Amino acid sequence: MQICRSTQDMRAWREGAARVALVPTMGALHKGHLALVSRARAWLDLQGGGQVVTSIFVNPTQFGPNEDLDKYPRDEAGDLALLEQAGCDAVFLPTVDGIYRPGAQTHVEVAALGRMLMGRLRPGHFRGVATVVTKLFNIVQPQAAAFGEKDYQQLTLIRQMVADLDIPVQILPVATVREADGLAMSSRNQRLTPPDRAAATVLNLALDQAVQMVAQGASLSTLRRQIRKTLQAQPRAQVRSIDTRDADDLSRVQTLVRPVVILLAVRFGDVLLIDQRVAHP
Ligand code: PAF
């Protein structure tokens, strides 16, 4: 597995690879990330072969001033061992200065999708995501890139950005991987205290109930009331947002007639967890 620590090294390696699928990550890898690597590999196999590149970069521009950038888990040696086992071909491990040159003035902003929902809770977050993903696409020049459905708004926004800017990268969505008790895998789970870790299963419980309610024809107001009730029954859960949006473009819905995505953001201690599920009426 080739390790590239600079843009120059990455570009030199890329010149020798005919077809590449990229897995952008911020490290602290778990089975959810490995599912992205498998999806990238499966896509390449269907195209007749190619190389999987994983990027590991804790992107400072997507963290707000009071967020957990300093506490974000980092484990380079563990990540490299997992990627090697998973059959990844190359890893891009740039430094902050390597990605953000002093004096840079350009950023990428996906207007409405970047400001709604999690963008309201975390101003500037999606501008940081869109900018770094564009830079990674320009450096690695992949034909495809895998993103998890767990970060549903991020996935929707990247699809929009790629379409708006005619970026020739196919976006491969990957279903959320869950722990045995249903908690969506996330690098942030490591920061939960044991009681918060146990309490966090309430997210999956609320989503399971919601999916059933939508299938049984519940109204939007009943659905929202029940989700809030289930989450609030867990005293450790601090509900930040509950949203029900159109599953394609995240526009607001008044009735449950088309597939919707239910998006939850809940804090446990100082850890903000998100989870989502698409529900079909
Ligand atoms: O989903 C993530 O891990 C990050 O937001 C991403 C896409 C790697 C950009 O920093």
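In this chain, residues are counted from 1 in sequence order. Note that the structure is predicted; figures quoted are calculated from it, not measured. Ligands are counted one by one from 1 in listed order, and the atoms in each one are counted from 1 as well.
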Identify, by atom number and element, the atoms of ligand 1 in contact range of Val132, meaning under 4.0 Å from any of its heavy atoms.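 So the atoms of ligand 1 that pass are 9 (C), 10 (O).
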Those atoms of ligand 1 less than 4.0 Å from some heavy atom in Pro24: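 Going through ligand 1 atom by atom, the ones under 4.0 Å from Pro24 are 8 (C).
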Report the nearest protein non-hydrogen atom to atom 1 (O) of ligand 1: residue, atom name, distance rounded to 0.1 Å.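 For atom 1 (O) of ligand 1, the nearest protein heavy atom is Gln154 NE2, 2.8 Å.
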Rounded distance (nearest 0.5 Å) linking atom NZ of Lys71 with atom CD of Gln190: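 Between Lys71 NZ and Gln190 CD, I get 14.5 Å after rounding to 0.5 Å.
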Rounded at 0.5 Å granularity, tell me how far CE in Met1 sits from CG in Leu83.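 Taking CE in Met1 and CG in Leu83, the distance rounds to 5.5 Å.
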Any heavy-atom pair between the side chains of Arg19 and Trp43 that's under 4.5 Å?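 In contact.
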Salt bridge or not for Asp79 and Arg74, using N-O below 4.0 Å?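 No, no charged N to carboxylate O under 4.0 Å.
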Looking only at atom types and distance, does a side-chain atom of Asp89 sit under 3.5 Å from a main-chain N or O of Val52, one as donor and one as acceptor?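 Between the backbone of Val52 and the side chain of Asp89 there is a qualifying donor-acceptor contact (under 3.5 Å).
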So which of Met26, Gln62, His33 gets nearest to atom 9 (C) of ligand 1, if we judge by its closest heavy atom?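 It is Gln62 whose heavy atom sits nearest to atom 9 (C) of ligand 1.
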Geometric N/O contact Thr25 with ligand 1, under 3.5 angstrom: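 N/O-N/O distance below 3.5 Å does not exist for this pair.
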